Amino acid sequence: MNHLLSIRDLRREDVLSLFRLTATLKARQKSGDRTAPLAGKSIALIFEKQSLRTRVTFEVGMTQLGGAAIYLPAQEIGLGERESIPDVARNLSRWVDLIAARTLAHATVATLAAHATVPVINALSDLEHPCQALADFFTLWERGVDLGRTRLAWIGDGNNVCHSLLLLAALLATPMAVATPPGYAPAPEIQAAVRALGGHLKLTTDPREAAEGADVLYTDVWVSMGQEAERATRLEAFRRYQVNERLVGLAKPGALVMHCLPARRGEEITEAVLDGPQSIVLEQSENRLHAQKAVILHLTGSGDV
Ligand code: CP
Ligand code: NVA
């Protein structure tokens with residue numbers, strides 16, 4: 001694994017080794033151990049879109065590993081305008097040890113990777129959010145959930161976060177049902193990749209059908225960053241896809257509720273469900289920190305900590 005642009009860059013054994021490393025790093029942090037395996041190393045963080053969790057967890061994560069992070073809003077470096085994307089990648093590679101980039105188009109982060117001589121991490125593109133999916137499945141794994149048996153239901157937009165979860169579910173043999181409005185299903189290339197991995201994927205337009213008997217319900221915003229102009233159409237299209245107490249009532253008793261955050265309370269999820277006893281959204285958020293530290297160590301060849 002040279003870059004982490006997609007879950008497709010990982011094999012099942014990479015994922016399981018990342019989970020073990022994530023658990024070690026989390027326990028170490030909680031015990032006050034301040035080992036600094038990345039002393040003197042740096043990561044450049046390019047962001048074309050807003051962020052709370054991803055930026056903070058990369059910066060804090062790199063600090064906890066003894067290294068440094070430099071935040072580069074895309075408009076400040078003039079990515080693709082003041083300087084071409086390949087030139088930005090070539091220059092950064094002479095100074096830093098890693099690049100993480102949050103881009104509108106997946107092609108932008110892929111171009112960075114094609115021209116960088118250091119590892120590049122996709123920090124969310126229109127196609128995928130691999131760091132999110134790793135932290136989410138780690139969250140289930142550390143709770144002792146049997147990933148080969150647990151039924152995961154996605155309710156909402158079949159885009160970036162859903163794509164990475166689908167690919168990771170396929171790698172880990174987790175059965176997944178996806179309920180989206182017509183026209184918002186996962187991209188055909190992702191569906192094909194999931195099938196090629198032997199994944200159990202059920203697609204429906206009925207949120208109740210996906211939720212029935214599920215062990216885990218997962219949702220995300222109806223209007224992703226970069227889609228603001230489609231807001232009115234999307235609110236109408238997704239109206240029946242809210243994760244509320246009624247929908248949760250169709251899942252298994254005690255089913256877990258997940259969300260990558262940020263959430264639009266009252267749109268894709270109700271306040272009562274988001275803040276309720278079945279919600280594990282803050283565990284997911286916390287685990288972004290440790291999962292990304294594991295990815296960074298893996299990519300820099302420092303995973304034997
Ligand atoms: N879930 C996630 O990536 O959050 P941010 O957009 O705040 O980084
Ligand atoms: N689908 C959302 C995820 C944010 C973490 C977006 O792309 O805005």
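Fair warning: this is a prediction, and the values are worked out from it, not measured in the lab. Heavy atoms only: backbone and side chains are in, while hydrogens, waters and symmetry mates are out.
Within the 4.5 Å cutoff, no side-chain heavy atoms of Arg265 are placed close to those of Ile269. For the pair Leu104 and Thr108, the minimum side-chain heavy-atom distance is 4.5 Å or more. Side chains of Leu167 and Ser6 form a contact here, defined as non-hydrogen atoms less than 4.5 Å apart. Between Leu247 and Leu250 there is a side-chain heavy-atom pair separated by less than 4.5 Å. Contact of the Val145 side chain with the Asp215 side chain is not registered, since no non-hydrogen atoms from C-beta on lie closer than 4.5 Å. For the pair Asn2 and Leu299, the minimum side-chain heavy-atom distance is 4.5 Å or more. At least one side-chain heavy atom of Asp220 sits under 4.5 Å from a side-chain heavy atom of Asn159. Val281 places none of its side-chain heavy atoms less than 4.5 Å from the side chain of Val257.
A cation-pi contact links Arg55 to Tyr71, judged by a cut-off of 6.0 Å to the six-membered ring centre and 45° from its axis.
Looking only at distances, a side-chain donor or acceptor of Lys49 sits under 3.5 Å from a matching main-chain atom of Thr103. No donor-acceptor distance shorter than 3.5 angstrom exists from the side chain of Ser125 to the backbone of His106, with no hydrogens or angles considered. The backbone N or O of Arg11 sits less than 3.5 Å from a side-chain atom of Asp14, completing a donor-acceptor pair. Distance alone, capped at 3.5 Å, places no donor-acceptor pair between the Ser279 side chain and the Gly276 backbone. Checking side-chain atoms of Glu230 against main-chain N and O of Gln227 turns up no donor-acceptor pair under 3.5 Å. Without hydrogens or angle criteria, Asn287 side chain to Gln284 main chain gives no donor-acceptor distance under 3.5 Å. A donor-acceptor contact shorter than 3.5 Å is absent between the side chain of Glu236 and the backbone of Ala232. Looking at Thr270, its side chain never comes within 3.5 Å of a backbone N or O of Gly266 through a donor-acceptor pair. With hydrogens and angles disregarded, no donor-acceptor distance shorter than 3.5 Å links the side chain of Gln242 to the backbone of Glu268. A donor-acceptor contact shorter than 3.5 Å is absent between the side chain of His259 and the backbone of Tyr218.
The CG atom of Leu79 sits 11.5 Å away from atom CZ of Arg82, with the distance rounded to the nearest 0.5 Å.
Across Leu112 and Ala89, no two heavy atoms sit closer than the pair O-CB, 3.4 Å. Minimum interatomic distance between Thr204 and Ala210 (heavy atoms only, all atoms of both residues): CG2-CB, 4.1 Å. Closest non-hydrogen pair, Leu4 versus Cys131, comes out as CD2-SG, 4.4 Å. Closest approach of Arg240 and Pro207 over heavy atoms only: O-CG, 3.3 Å.
The neighbour count for Arg149 CZ, taken as heavy atoms of other residues, nucleotides or ligands under 6.0 Å away, does not exceed 12.
Side-chain contact of Thr54 with Arg102: a donor-acceptor pair under 3.5 Å is present, judged by distance alone. Between the side chains of Asp33 and Ser31, no donor-acceptor pair of N or O atoms lies under 3.5 Å. No side-chain N or O of Thr139 forms a donor-acceptor pair with one of Glu283 less than 3.5 Å apart.
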Table please: side-chain donor-acceptor pairs of residues 170-186 below 3.5 Å, with sequence neighbours left out.
unit_1 : atom_1 : unit_2 : atom_2 : d
Thr174 : OG1    : Leu147 : O      : 2.7
Thr180 : OG1    : Ala185 : N      : 3.4

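With Ser164 as the fixed residue, the side chain to side chain donor-acceptor pair (under 3.5 Å) test singles out one of Glu128, Arg8, Gln132, His129: Glu128.
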